[in-house]
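Before any comments, here is the structure.
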Amino acid sequence: MKTIEIRASRPYTVTVGRGLLPALGATCATLVKGRRAMVVSETTVFPLHGAAAVASLEKAGFDVVTHVFPAGEASKCGTEFLNLVNDLAASHLTRSDLVVALGGGVTGDLTGFAAACYLRGIAYVQVPTTLLAMVDSSVGGKTAIDLPAGKNLCGAFYQPAAVLCDLDLLKTLPGAVFRDGCAEVIKYGVLSGRALFDALTPETIDEAIIAACIDDKRQKVEADEFDNGARQFLNLGHTLGHAVEKESCFTLSHGQAVSIGMAMIARAAARFGLCAPETAAEITAKLAAFGLPTATAQSPEAILAAALGDKKRRGDTLTLVVPRAIGDCVLHPIPVAALPDWIAAGKEG
Ligand code: GLY
């Protein structure tokens with residue numbers, strides 16, 4: 001078992017290991033004075049792990065209620081947000097009580113945002129059940145729902161009280177969903193350096209690797225909790241990835257889109273002489289080795305149109321994360337007018 005202390009505006013511990021879900025209640029009992037808890041989950045995850053979460057909380061003396069919403073990104077919406085906060089109120093949770101987010105990124109983001117808003121803030125614990133949520137969305141306090149105008153457009157920075165990454169929960173994860181998380185793991189490899197990048201194979205995603213990814217995120221969150229500097233490195237592959245994801249009408253998963261976005265930015269960086277062609281080839285080969293896509297048939301015009309709506313755009317500038325070598329990425333601001341060249345260069349094989 002590994003623990004990682006996140007020294008954000010509200011400090012907390014991320015625990016990575018096995019057999020953590022049965023200890024959920026004991027962990028939560030150390031975090032809050034109240035003894036009422038709501039387990040929030042969705043229709044795929046709750047039947048798999050809901051009973052264990054409830055039993056553990058009850059054993060620790062909590063009076064437990066549950067809130068289960070339909071699985072899928074469509075639930076990260078205003079309607080489900082209001083359903084959840086109304087249920088928190090109807091269940092009489094107070095500020096000394098606790099909410100548990102049991103699920104993947106959708107559950108964590110929706111529950112975290114509801115926890116941030118209900119009573120102007122109630123403690124919540126993240127129990128991520130996907131690899132992607134373990135290494136990315138459950139850590140760092142970004143919470144949000146989607147708006148019709150775009151993903152994650154309404155949210156808050158609100159740190160959890162604890163994160164429990166129980167690797168036993170990954171056993172029930174479908175292969176394609178596991179691969180999605182691998183795209184983010186490879187991102188950390190490119191960001192952090194050879195030690196992690198070279199260790200990555202589809203067979204080696206274990207406790208040590210997951211903890212190394214979270215520790216890389218820890219450094220960036222501690223340096224820049226509110227996403228104005230170092231945290232932006234975590235967007236490697238995401239600017240073009242989000243555009244490709246949106247243009248596919250979300251038929252591409254987030255991990256597949258980030259994989260394409262990372263391959264595109266690496267190819268474009270090589271084309272513009274910012275990294276060696278071997279670096280781009282190495283990144284692309286690593287993604288392909290995990291069964292992740294590295295190219296798209298979408299037109300450059302369509303990708304551009306989708307990228308222009310990126311919420312990270314600031315005025316006429318977009319900041320790309322560009323790999324110069326494995327373990328050496330830079331924030332590279334470009335005028336929006338230069339984006340078509342980057343997309344065209346990234347699409348070339
Ligand atoms: N998912 C990127 C971040 O937390 O900043």
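Residue numbers count from 1 along this sequence. Any value given below was found using the heavy atoms of this structure, including those in side chains, with hydrogens, waters and symmetry copies removed. Fair warning: this is a prediction, and the values are worked out from it, not measured in the lab. Just follow the structure's listing: the first ligand is 1, and inside any ligand the first atom is 1.
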Checking a contact table here: which protein heavy atom is nearest atom 1 (N) of ligand 1, and how many Å away? Asp136 OD1, 3.0 Å
Determine whether any heavy atom of Lys217 lies closer than 4.0 Å to an atom of ligand 1. yes
Would you call Asp227 a ligand 1 contact, heavy-atom distance under 4.0 Å? no
When you look at CZ of Arg35, are more than 12 heavy atoms from neighbouring residues, nucleotides or ligands closer to it than 6.0 Å? yes
Please state which protein non-hydrogen atom is closest to atom 5 (O) of ligand 1 and give its distance, to 0.1 Å? Arg231 NE, 2.7 Å
For residues 106-119, pull every pair meeting side chain to side chain donor-acceptor pair (under 3.5 Å), keeping only residues two or more places apart or in separate chains. Lys76-Asp109
Does the pair Lys151/Asp146 count as a salt bridge with the N-to-O cut at 4.0 Å? no
Not counting sequence neighbours, which residues clear side-chain contact (heavy atoms from CB on, under 4.5 Å) with Pro70? List them please. Ser75, Glu80
